[in-house]
Amino acid sequence: QVQLVESGGGLVQPGGSLTLSCAVSGFRLHNYYIGWFRQAPGKEREGVSCFDASEGTTFYGDSVKGRFTISGDTAKNTVYLQMNNLTPEDTGVYYCAAEGQGTIRAMCSWVRSDYLGQGTQVTVSS
C-alpha cells in the first residue's frame with residue numbers, strides 16, 4: 001500500500017525557515033518522481049519542487065527558486081523540502097506527491113501525481 005506522510009509544517013515568521021519531510025512507503029524513491037505541491041486559500045494547487053531520485057535531478061517553481069531545496073534520503077525512503085527566507089505568500093497546505101510518468105518538469109508544471117499525501121499546513125505570519 002502506497003503512503004506519503006508529510007510532517008514538519010507549522011507557524012513561522014517571515015524570513016524564517018522550515019523543513020518538511022515526506023516519508024514514503026509502498027515503493028522506493030527511485031521508482032517514482034517525488035514532488036511538493038502547495039495550495040493557498042482561494043488559489044489553485046501549484047507545483048513547488050520535484051525530484052528524480054534515480055537521476056539526482058530537481059525542478060523548482062519560479063516563486064521558490066533560490067529559497068527552497070528538495071532532497072532525498074534513499075536509506076530512509078524520505079524526501080525533504082528545506083524552505084528558507086519564507087514569506088507570507090508561501091502560506092498554504094503543502095502536499096507530497098508521487099508521479100510515475102513523464103518528467104519532473106511536467107509533474108511540477110502540470111501538478112500531476114499518481115499519489116498524494118494528506119498535506120501539512122505551513123503558515124508564514126508575524
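All residue numbers in this chain count up from 1 along the given sequence.
Cluster annotation: Leu116 is connected to Phe59 through the hydrophobic network of ILVMFWY side chains, with a link wherever side-chain heavy atoms come within less than 4.5 Å. Tyr95 and Tyr32 fall into different hydrophobic clusters, defined by Ile, Leu, Val, Met, Phe, Trp and Tyr side-chain heavy atoms under 4.5 Å apart, directly or through other members. Following chains of ILVMFWY side-chain contacts shorter than 4.5 Å, one can reach Leu4 starting from Val48, so the two form part of one hydrophobic cluster. With hydrophobic clusters built from ILVMFWY side chains whose heavy atoms lie under 4.5 angstrom apart, Ile34 shares a cluster with Leu81. Following chains of ILVMFWY side-chain contacts shorter than 4.5 Å, one can reach Phe68 starting from Val122, so the two form part of one hydrophobic cluster.
Atom OG1 of Thr91 and atom CG of Leu86 lie 8.5 Å apart (nearest 0.5 Å). Of the inter-residue distances, the one linking Lys65 atom NZ with Thr58 atom OG1 reads 10.0 Å to the nearest 0.5 angstrom. We find the CD-CG distance between Glu99 and Asp52 to be 12.0 Å, quoted to the nearest 0.5 Å. Taking CD of Glu46 as the reference point, atom OG of Ser63 lies at 4.5 Å (rounded to 0.5 Å). Note that the CZ atom of Phe51 and the OH atom of Tyr33 stand 12.0 Å from one another [nearest 0.5 Å]. Within the model, atoms OH of Tyr80 and CH2 of Trp36 stand 10.5 Å from one another, a figure rounded to the nearest 0.5 Å.
Residue pairs meeting the side-chain hydrogen bond (donor to acceptor under 3.5 Å, both in side chains) criterion with at least one member in residues 106-126, sequence neighbours excluded, are Gln121-Thr123.
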| request: Apply side-chain contact (heavy atoms from CB on, under 4.5 Å) to Tyr60 and Arg67, showing your working. | output: CA-CA 10 Å; Tyr60 296 95; Arg67 300 187 299 122; over 6 Å; no

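Shortest non-hydrogen contact noted between Ala97 and Phe37 is CB-CE1, 3.5 Å.
Side-chain N/O atoms of Ser49 and Arg38 include no donor and acceptor closer than 3.5 Å.
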Residues 14-28 side chain polar contacts: donor-acceptor under 3.5 Å, at least two apart:
residue: Ser17; atom: OG; partner: Asn84; partner atom: OD1; Å: 2.9
residue: Thr19; atom: OG1; partner: Gln82; partner atom: OE1; Å: 2.4
residue: Arg28; atom: NH2; partner: Thr74; partner atom: O; Å: 2.8

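Put simply, the side chain of Asp90 never gets that close to the backbone of Val124: no donor and acceptor are under 3.5 Å apart.
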